[in-house]
Participant: 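My questions will all concern the structure given below.
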Amino acid sequence: MLWSKIFLPTLKDTPQDAEVISHQLMLRAGMIRKVTSGIYNWLPLGLRVLKKIENIVREEMDASGAQEVLMPMVQPRELWEETQRWKKMGPELLRIQDRHDRDFCLGPTHEEVITDLVRNNVKSYKELPLNLYQIQTKFRDEVRPRYGVMRGREFLMKDSYSFNINQDSLNESYLLIKETYKKIIDRLGLEYKIVKADSGSIGGDASEEFHVLAENGEDTIAVSNSSEFAINSELLLTEGEDINSLEGKPSPDGNGIIEVKKGIEIGHIFQLGKIYAEAMNANVLDNEGKSQTLYMGCYGIGISRLVAAAIEQNHDEKGIVWPEAIAPYEVNIIAIGFEKDDKIKKTALNLYDKLLSMGYEVILDDRNDGFGKKMKDAELIGIPINLIIGKQYTENNEIELRHRDGKSSISMVEDIETIFDHYKSK
RNA sequence: CGGGGUAUGGCGCAGUCUGGUAGCGCACUCGCUUUGGGAGCGAGUGGUCGUAAGUUCGAAUCUUACUACCCCGACCA
């Protein structure tokens, strides 16, 4: 992609209505623009990141044996009456009417729809366990949307639902998803903790949250500094303890010391048990021909929230520092004097084509601007590798290879291909 | 929903107290010169000052109502 062609409106000044760093940087880096409170446009650069995360999630979900479906955003009132949630849910459930005055809602989650689908189409224990997922836009009319896409009203989420014949099978599905989530967040390159959680209004039995650690996190969690132990403050509150009083104490699991940290909840897994299946009469026949109520689990990952969380965890004073796996582009070629210097133009285009053909995602800064502006923008949008073709090239055939995280080296132009061959192979 | 704040060109702001018909920086357009840390000169484009009503000869400025947005709290991927 040529920088002169891409729709990438970067901002020098921080918009006044953005408070947290990820929101500021997403606006400044031209990733998103607000449409109205809690609802955003995704611009090309932001969308690339969103899609990368989405694809990693999809790949790992598929690898776990889950199958992708797509359910409607608009859902009929009748299904929500079956579980009593039409009444129980507050105004965060956005209700609308069609031309016949029939009631609908915009789906904040899909237990009702998926349970309806499964009860109508799955009749035997032989078809279980079944794990279905979708990646879809959700709408929750949040009391107070804030922090950009971190807590939007409209957001992209991967939600999945497992259907099991009994509790043991549910346990297995739950653990499988938990392992899948670990793989996903590891691949994204983010630091996280798994936290025992209150299962909240959705109800059910076991429940754990996945938190990306970040200073601006909305949740306070207590974690061990040398084991997997972690607990959410909400859970402690029900036991009447102040989470900050745990700081420095030995971890209850006997490993390490408790540290109190801030986290962003980007995933949540629940064992729902039989509550939804019972309410909606979702049964299958077991191996003795007897009707059994299904056991269910539900598992969410906030995809759009992950974009913001990744930035909260990976930025510096200059801008975003993308983890390689989710960077919108892998390489940024900065050509100084692109229009004026034929040697630079030729080499930049040549390198651009070469890297593209090697399979790299490349953006070429061919704009008619000076070094300062191009570097500032490059640092802002946080592409992992910047190749600088400028004076040093004109004079000595040298190209600077500058990593966004600080490292920098000088190479001769003819060595670039070898260097990138090496990257690709590792 | 309770408390606080903001609203003037795409972004950041001044002007409001003390009414006189809108200004600065950045961005954008054209030309020339520039190109290793957000370039220079010259010439331009763009705003009925959130909306409505009122006071006044005259309102961005005063009055009233409304709306939107942001922040803090109670809910959540």
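Order of the sequence lines fixes the chain letters, A, B, ..., with proteins taken first and strands second; residue numbering starts at 1 for each chain. Bear in mind that the values here come from a model prediction, so they are computed numbers and not experimental data.
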Participant: Determine the interatomic distance between C1' on A22(B) and the same-named atom on A60(B); round to the nearest Å.
Facilitator: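 These two C1' atoms come out 8 Å apart once rounded.
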
Participant: By the 4.0 Å heavy-atom rule, please label G152(A) as base, sugar-phosphate, or nothing.
Facilitator: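 Base: the residue G152(A), judged by heavy atoms under 4.0 Å, touches a nucleobase.
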
Participant: Among C1(B), C71(B), C69(B), which is the nearest nucleotide to the side chain of V143(A)?
Facilitator: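 So the side chain of V143(A) is nearest to C1(B).
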
Participant: Under 6.0 Å between ring centres, would you say that holds for F270(A) and H268(A)?
Facilitator: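 Yes, ring centres under 6.0 Å apart.
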
Participant: Identify the nucleotide, in any strand shown, that forms a Watson-Crick or G-U wobble pair with C49(B), with both distances under 3.5 Å; if there is none, say none.
Facilitator: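 None - no nucleotide pairs with C49(B), as no candidate has both distances under 3.5 Å.
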
Participant: Give one of base, sugar-phosphate or nothing for I266(A), where a contact means two heavy atoms less than 4.0 Å apart.
Facilitator: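 I266(A): backbone/sugar contact only, no base atoms under 4.0 Å.
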
Participant: Sugar-phosphate atoms are those with a prime plus P, OP1 and OP2; base atoms are the rest. Using that split, label each nucleotide of nucleotides 31-36 of chain B B, S or - for protein heavy atoms under 4.0 Å, 5' to 3'.
Facilitator: ---BBB

Participant: On a whole-Å scale, what distance lies between the P atoms belonging to G15(B) and G58(B)?
Facilitator: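 Per the computed distance, 26 Å lies between those P atoms.
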
Participant: When you check the gap from the basic side-chain N to the acidic O, do K183(A) and E179(A) get nearer than 4.0 Å?
Facilitator: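 Result for this pair is no, no salt bridge flagged.
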
Participant: Would you tell me if any nitrogen or oxygen in the side chain of T36(A) comes within less than 4.0 Å of OP1 or OP2 on C69(B)?
Facilitator: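 Affirmative; the distance criterion is met.
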
Participant: From C-beta outward on R146(A), which listed nucleotide comes closest to its side chain: C70(B), C13(B), C71(B)?
Facilitator: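 For the R146(A) side chain, the nearest candidate turns out to be C71(B).
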
Participant: In whole angstrom, give me the gap between the P atoms of C13(B) and G46(B).
Facilitator: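 Nearest-Å result for C13(B) against G46(B) at atom P: 25 Å.
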
Participant: Can you find a pair of side-chain heavy atoms, one from I135(A) and one from Y133(A), that are under 4.5 Å apart?
Facilitator: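 Answer yes - side chains close enough.
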
Participant: Could you check whether E111(A) pairs with R85(A) (Lys NZ or Arg NE/NH1/NH2 to Asp/Glu carboxylate O, under 4.0 Å)?
Facilitator: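 The answer is yes: the pair qualifies as a salt bridge.
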
Participant: Which residues pass the side-chain hydrogen bond (donor to acceptor under 3.5 Å, both in side chains) test with R187(A), not counting sequence neighbours?
Facilitator: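 Only E59(A), E60(A) meet the side-chain hydrogen bond (donor to acceptor under 3.5 Å, both in side chains) criterion with R187(A).
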
Participant: Is there a Watson-Crick or G-U wobble partner for G23(B) with both distances under 3.5 Å, and if so, which one is it?
Facilitator: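 Its partner is C13(B) (Watson-Crick or G-U wobble, both distances under 3.5 Å).
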
Participant: I need the NZ-P distance between K88(A) and C75(B), as an integer number of Å.
Facilitator: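 Roughly 18 Å, once rounded to whole Å.
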
Participant: Over how many whole Å does the gap from E142(A) atom CD to A77(B) atom P extend?
Facilitator: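 Atom CD in E142(A) sits about 9 Å away from atom P in A77(B).
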
Participant: Please report the distance, rounded to the nearest Å, between CD in E209(A) and P in C75(B).
Facilitator: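 For the pair E209(A) CD and C75(B) P, the rounded distance is 13 Å.
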
Participant: Check this for me, if you would: do R140(A) and E142(A) make a salt bridge, where the nitrogen-to-carboxylate-oxygen distance has to be below 4.0 angstrom?
Facilitator: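 No, R140(A) and E142(A) are not salt-bridged.
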
Participant: Assess whether salt bridge (charged side-chain N to carboxylate O under 4.0 Å, His left out) is satisfied between R119(A) and E82(A), documenting all intermediate values.
Facilitator: CA-CA 13 Å; R119(A) 73 178 168 186; E82(A) 289 192 45; 2.8 Å; yes

Participant: Rounding to a whole Å, what distance do you find between F155(A):CZ and C76(B):C1'?
Facilitator: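 Computing the F155(A):CZ to C76(B):C1' distance gives 8 Å.
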
Participant: Does U35(B) pair with anything, Watson-Crick or G-U wobble, both distances under 3.5 Å, and if so, with which nucleotide?
Facilitator: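 Per the H-bond distance test, none.
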
Participant: Can you check the E265(A) CD to C75(B) P distance for me, whole Å?
Facilitator: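 It is 14 Å, rounded to the nearest whole Å.
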
Participant: Do I21(A) and E312(A) have side chains that get closer than 4.5 Å, going by heavy atoms?
Facilitator: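 I21(A) vs E312(A): side chains touch.
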
Participant: Measure from CE on M150(A) to P on A77(B) and round the result to the nearest Å.
Facilitator: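 It is 15 Å, rounded to the nearest whole Å.
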
Participant: Which pairs count as salt bridge (Lys or Arg N to Asp or Glu O under 4.0 Å) when at least one residue sits in residues 5-20 of chain A, sequence neighbours excluded?
Facilitator: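 As it turns out, the salt bridge (Lys or Arg N to Asp or Glu O under 4.0 Å) pairs with a partner in residues 5-20 of chain A, which skip direct neighbours, are D17(A)-K34(A).
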
Participant: Just to confirm, is there a sub-4.0 Å distance from OP1 or OP2 of A74(B) to any side-chain nitrogen or oxygen of R144(A)?
Facilitator: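 For A74(B), OP1/OP2 do not have a side-chain N/O of R144(A) under 4.0 Å.
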
Participant: Tell me, which pairs form a salt bridge (Lys or Arg N to Asp or Glu O under 4.0 Å) where one or both residues lie in residues 368-385 of chain A, sequence neighbours left out?
Facilitator: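 For residues 368-385 of chain A, and leaving out neighbouring residues, the salt bridge (Lys or Arg N to Asp or Glu O under 4.0 Å) pairs sorted by first residue read K318(A)-E379(A), D365(A)-K374(A), R367(A)-D377(A), D369(A)-K373(A).
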
Participant: Can K52(A) and E361(A) be counted as an ion pair, charged N to O under 4.0 angstrom?
Facilitator: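 Answer for the salt bridge query: yes.
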
Participant: Does OP1 or OP2 of A77(B) have a side-chain N or O of T109(A) closer than 4.0 Å?
Facilitator: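 No, because none of the side-chain N or O atoms of T109(A) sits under 4.0 Å from OP1 or OP2 of A77(B).
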
Participant: Between G2(B) and U48(B), how many Å separate the two C1' atoms, rounded to a whole number?
Facilitator: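 Pairwise C1' distance, G2(B) against U48(B), rounds to 37 Å.
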
Participant: Would you say R28(A) reaches G38(B)'s phosphate, i.e. side-chain N/O to OP1/OP2 under 4.0 Å?
Facilitator: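 Answer is no, no contact under 4.0 Å.
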
Participant: Please report the distance separating the C1' of G10(B) from the corresponding atom of G47(B), rounded so that it comes out in whole Å.
Facilitator: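 Result for the C1' pair: 12 Å, nearest Å.
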
Participant: Please determine, for G73(B), whether a Watson-Crick or G-U wobble partner exists with both distances under 3.5 Å, and give it or none.
Facilitator: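 C1(B) - that is the nucleotide pairing with G73(B), both distances being under 3.5 Å.
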
Participant: So which of residues 3-14 of chain A are in contact with RNA chain B, with a heavy-atom cut-off of under 4.0 Å?
Facilitator: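 Those residues are K12(A), D13(A), T14(A).
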
Participant: Tell me the interatomic distance from F139(A), atom CZ, to C76(B), atom C1', rounded to whole angstroms.
Facilitator: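 That distance rounds to 14 Å.
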
Participant: Pick base, sugar-phosphate or nothing for G267(A), based on heavy-atom distances below 4.0 Å to the nucleic acid.
Facilitator: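 Contact class for G267(A): sugar-phosphate only.
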
Participant: Could you give the distance separating G25(B) and U45(B) at their P atoms, to the nearest angstrom?
Facilitator: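 Result for the P pair: 15 Å, nearest Å.
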
Participant: Check the pair F420(A), Y360(A) against ring pair (Phe, Tyr, Trp, His ring centres under 6.0 Å), reporting the backbone distance first and the verdict last.
Facilitator: CA-CA 9 Å; F420(A) 277 83; Y360(A) 282 96; 5.1 Å; yes

Participant: Is the phosphate of C72(B), meaning OP1 or OP2, less than 4.0 Å from a side-chain N or O of Y147(A)?
Facilitator: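 It does, given that an N or O in the side chain of Y147(A) lies less than 4.0 Å from OP1 or OP2 of C72(B).
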
Participant: Paired with U56(B): which nucleotide, if any, by Watson-Crick or G-U wobble criteria at under 3.5 Å for both distances?
Facilitator: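 The base-pairing partner of U56(B), which may sit in any strand shown, does not exist here.
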
Participant: Quickly work out the L27(A) CG to C69(B) C1' distance and round it to whole Å.
Facilitator: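 Between C1' of C69(B) and CG of L27(A): 13 Å.
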
Participant: Between C17(B) and A59(B), how far apart are the two C1' atoms, rounded to whole Å?
Facilitator: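 Each nucleotide's C1' atom is 15 Å from the other's.
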
Participant: Can you confirm whether the side chains of T394(A) and Q392(A) place a donor and an acceptor under 3.5 Å from each other?
Facilitator: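 There is no such pair between these side chains.
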
Participant: Quote, to the nearest angstrom, the P distance that separates C49(B) from U8(B).
Facilitator: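 C49(B) and U8(B) have their P atoms separated by 11 Å.
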
Participant: Could you give the distance from CE (M358(A)) to CG (D353(A)), rounded to the nearest 0.5 Å?
Facilitator: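 Reported value, rounded in 0.5 Å steps: 13.0 Å.
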
Participant: May I ask which nucleotide in the shown strands pairs with U29(B), Watson-Crick or G-U wobble, both distances under 3.5 Å?
Facilitator: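 U29(B) is paired, partner A43(B).
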
Participant: Give a yes or no on whether a salt bridge exists between E417(A) and K354(A), defined as a side-chain N under 4.0 angstrom from a carboxylate O.
Facilitator: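 Yes, E417(A) and K354(A) are salt-bridged.
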
Participant: Please work out if E395(A) contacts a base, only the sugar-phosphate, or nothing of the nucleic acid, heavy-atom cut-off 4.0 Å.
Facilitator: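 If one applies the 4.0 Å heavy-atom cut-off, E395(A) turns out to touch nothing in the nucleic acid.
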
Participant: What are the residues of residues 210-218 of chain A, sorted by number, that bring a heavy atom to within less than 4.0 Å of RNA chain B?
Facilitator: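 Those residues: none at all.
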
